[in-house]
Structures are given as structure tokens and as C-alpha cells.
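Remember, it's a predicted structure, so these values are computed and weren't measured experimentally. As the structure lists them, so they are numbered: ligands from 1, and atoms in each ligand from 1.
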Amino acid sequence: MPIYLDHAATTPVRPEVLSAMLPLWGAGFGNPSSAHAFGRAAREALDDAHERLAAAIGGESREVVLTSGGTEAINLALKGAAWAGRARGHRIITSAVEHHAVTHALAHLGKFGFEIVEVPVDRYGQVDPDDVERALTDTTVLVAVMLANNEVGTIQPIAEIAARVHARRGALLHVDAVQAGPWLPLHVAELRADLVSLGAHKVEGPKGTGALWIRRGTHLLAQQHGGGQERHRRAGTENVAGAVGMATAFELRAAERPAAAERVRAQRDRLVAAVLAVDGVELTGHPVGRLPHIASFIVRGAEGGDIVLALDLEGIAASTGSACASGSDEVSHVLAAMGFPADEAHGALRLSLGRSTTDAEIEEACRVVPAVVRRVRDGSVGVTAG
Ligand SMILES: Cc1ncc(COP(=O)(O)O)c(C=O)c1O
């Protein structure tokens, strides 16, 4: 069996989630907006999923808008908040290490006159809240900083950033919690953000399903127009099965998060120690303030892409960083922002664990990964690791 160490890209749907979704594709196929019994049953399932998801993340049902994934939630949050605040100002502050869903959505807004200001990060990929404070002006409508990074796992000081943002009236804070949501204690109301984006497929839920939490009273302009679904904030017949799957996945994770995070952290630390034993390898991201499931490295003198291919031949699924950017020759904007020169950033390798990762798999990975890394670096790709 291949060993899957790319849970930051996506996770397998867990059996309980699949069983919860299946009836909605069968007899429960109704449209929640229909008045008849089929519709009413679908409406009940959808409303229940809304309630359960909201409870699992510490919010209220009416504050949750279901979307087609993290990317759509982020686009709705950023564009919706920017346009709703346009009369007040045009400045948007973000970090240099956001996911492309954020950076590209903001670049799009930049074409319409919004001023996008990127605050730097340190060597570990962390934002200094004082930099955010210095960038804030009276014309700032939005600040977008992720809860934790998907490539290197670094957790941002969101509470400190939120305090700075809210000391100045008017600006909203968006937090991309797509990668962090499954692993950090998640209570949206306590995060002190106004908008929080989440996705289901990083937490053993279905792909193409996400949610935006919108603090009650926050005004957004809808970005998708049509019917009046999701309280007029996101038009389109709802993905009822997806909603049920996402609610189930978050509910299950909320109950088991502390234990799962501890187990995965211990496994991850064993793997990190094994890989760091190879000369010329450096851990990227914050050594302590990082998501428990991500082990990320720079291998000097090697191409990360070559290591991923060689690992695949050995039955280990890894990645160089963001799955969305794989296949491009560009180096990671995250590593560049952290100060890694391009030649070093080319040596990026990310191993990400999941709730289902076993100790036996980690034992095998601790044996195979260092051997493969050494061999690729020494120029002999694809040799059986021993
Ligand atoms: C931090 C972060 N933000 C946003 C996304 C995009 O989410 P989705 O794949 O659900 O569109 C991802 C997933 O790749 C992510 O890791």
C-alpha cells in the first residue's frame, strides 16, 4: 500500500462522512427550496447541517454561508467585504504568505482601484502584528491574514493582529482557516475575526464544499447572483450532501481534535528528526508555532520535484508545497517571502500527515524518505531505498 503523506493537499473522505452523505444522493435528493415533501426533507437536512457545522466551529447557523469550497469562501469574503466597504476606503492589507485564493482574489481587486498592501514575514513565515498596525490607515477596509500556512505550517498571531485591526474602526479581518481549521482549536467567535473561511476536504470531508463564517452584523456584497439561497448571500441550489458531509466531518473532528493533533505531532516530529539527519536539509516554517501535521523542508542541492517523483516510485506520496502551484516552475512565493533564494526554494519538500496516518507508515517513511533524499541529492534518482 502506498503511504499518503500529502494530507495538506487533500484528505480521504472518512467512512462516517460518506455514510452520512449517501442518502442525500439517493432518496433524499430533493431541492431544499421546493415546497413538497421531497423539498422539505432536503431543507431539514440542510438546516440541520448548517446548525451542526456552526456549532462545531463555535458560531451560529445564520452566520454560516455554504460555498463550493475554501476558494469560493475566500473570494466571497474578500470581494464581498471590499465592495461593501468601497465608500469608506480602498486599502486592503494582507500578508506575503497567503494562499493563491487570497493573493489572486486581491490582485483582481487591485485592477479595480483597491490598494493592496503586503506586510512581510520573518524567516519562519510569521507576520509581525506591529507591521499590520503600521500599515493600517483610516481608508483600510479589510485585512486578510491566514490562521496558518499550508506550505510550511506556520501559525500567525491572529489574536494580536485582530486587536490591532479592531482598535481602528472600520476595517474587517478575514482569516483563511482552510488548512488550520482541522488542527487548531477552532472557535470562530473567539478568533476575533469578522470573516473566517473553511473547507471540508482538508478534514476528511468532501471536495467542492466549504463555508464562510460571517460575524453577525457584518455587511458583505454577494458575489454570486440568482436565487435567494443562503440568506441572499450565495445564490444557487445548495449542495445538501456536501453540507451534511462537511458538518459531519467538522463535528467528528471537533470531538477528537486534541488527541488527533497530539498523535500526529509526535509522528511528525519523528519524521522531521529522521529527515533532518540528512546533510543540507533545513526545516522550513516556525519550529514550534506550526500546524501539527506539516513537516516542510529545504533540501540544498536538490530539486523538490525530483524528490517527490522518486518518493512516488517508492510508494510515498509527498509534495513540494501547495498542490495548486505544483507543475509550475515558479518557486513558492511563501519561501521567497521567508527569504529563501530561488535556488534553495527549488529544494522544497512537504510531508503532511493525517488523522489516519499510522505509526507503521511513519516508521517506513523514516526509513525511506532520508534515503531517497540523499540519493536524489547525490544525483541518482529512483534507486530503491534501503
Ligand atoms: C490555506 C488554504 N487556503 C485556501 C485553500 C483552498 O481551498 P479549496 O481547495 O477548498 O478551494 C487551501 C487548499 O488548498 C488552503 O490550504
task = List every atom of ligand 1 that sits less than 4.0 Å from any heavy atom of M146, numbering the atoms from 1 in the order shown and giving each element.
result = 1 (C)

query = Is I74 in contact with ligand 1, taking contact as a heavy-atom separation below 4.0 Å?
reply = yes

query = Against heavy atoms of Q179, which atoms of ligand 1 measure under 4.0 Å?
reply = 1 (C), 16 (O)

note = For G69, the ligand 1 atoms with a heavy-atom partner under 4.0 Å come out as 10 (O)

task = Give me the ring orientation class for H104 and H100: parallel if the planes are under 30° apart, tilted from 30 to 60°, perpendicular past 60°.
result = parallel

ask   = Between the side chains of T357 and E361, is a donor N or O closer than 3.5 angstrom to an acceptor N or O?
value = no

request  = With heavy atoms of G70 as the reference, note each atom of ligand 1 found under 4.0 Å away.
outcome  = 7 (O), 8 (P), 10 (O), 11 (O)

inquiry  = Against H50, only a single residue in E63, R62, E230 fulfils side-chain hydrogen bond (donor to acceptor under 3.5 Å, both in side chains); can you say which?
reply    = E230

query = When the ring planes of H293 and W183 are compared, do they come out parallel, tilted or perpendicular, using 30° and 60° as the limits?
reply = parallel

request  = Quick one: closest heavy-atom pair of A105 and N75, and the distance?
outcome  = CB-OD1, 3.6 Å

ask   = H232: what forms a ring pair (Phe, Tyr, Trp, His ring centres under 6.0 Å) with it, not counting sequence neighbours?
value = none

request  = Could you tell me whether ligand 1 has any atom less than 4.0 Å away from a heavy atom of E72?
outcome  = no

query = When you look for heavy atoms under 4.0 Å from ligand 1, do you find them on the side chain of K207, its backbone, both, or neither?
reply = neither

query = H201 heavy atoms, cut-off 4.0 Å: which ligand 1 atoms fall inside?
reply = 8 (P), 9 (O), 10 (O)

ask   = What part of T71 sits under 4.0 Å from ligand 1 if we count only heavy atoms: the side chain, the backbone, both or neither?
value = both

ask   = Can you tell which part of N149 has a heavy atom less than 4.0 Å from ligand 1: side chain, backbone, both or neither?
value = neither

NZ/NE/NH1/NH2 to OD/OE distance under 4.0 Å, R14 and E256 = yes

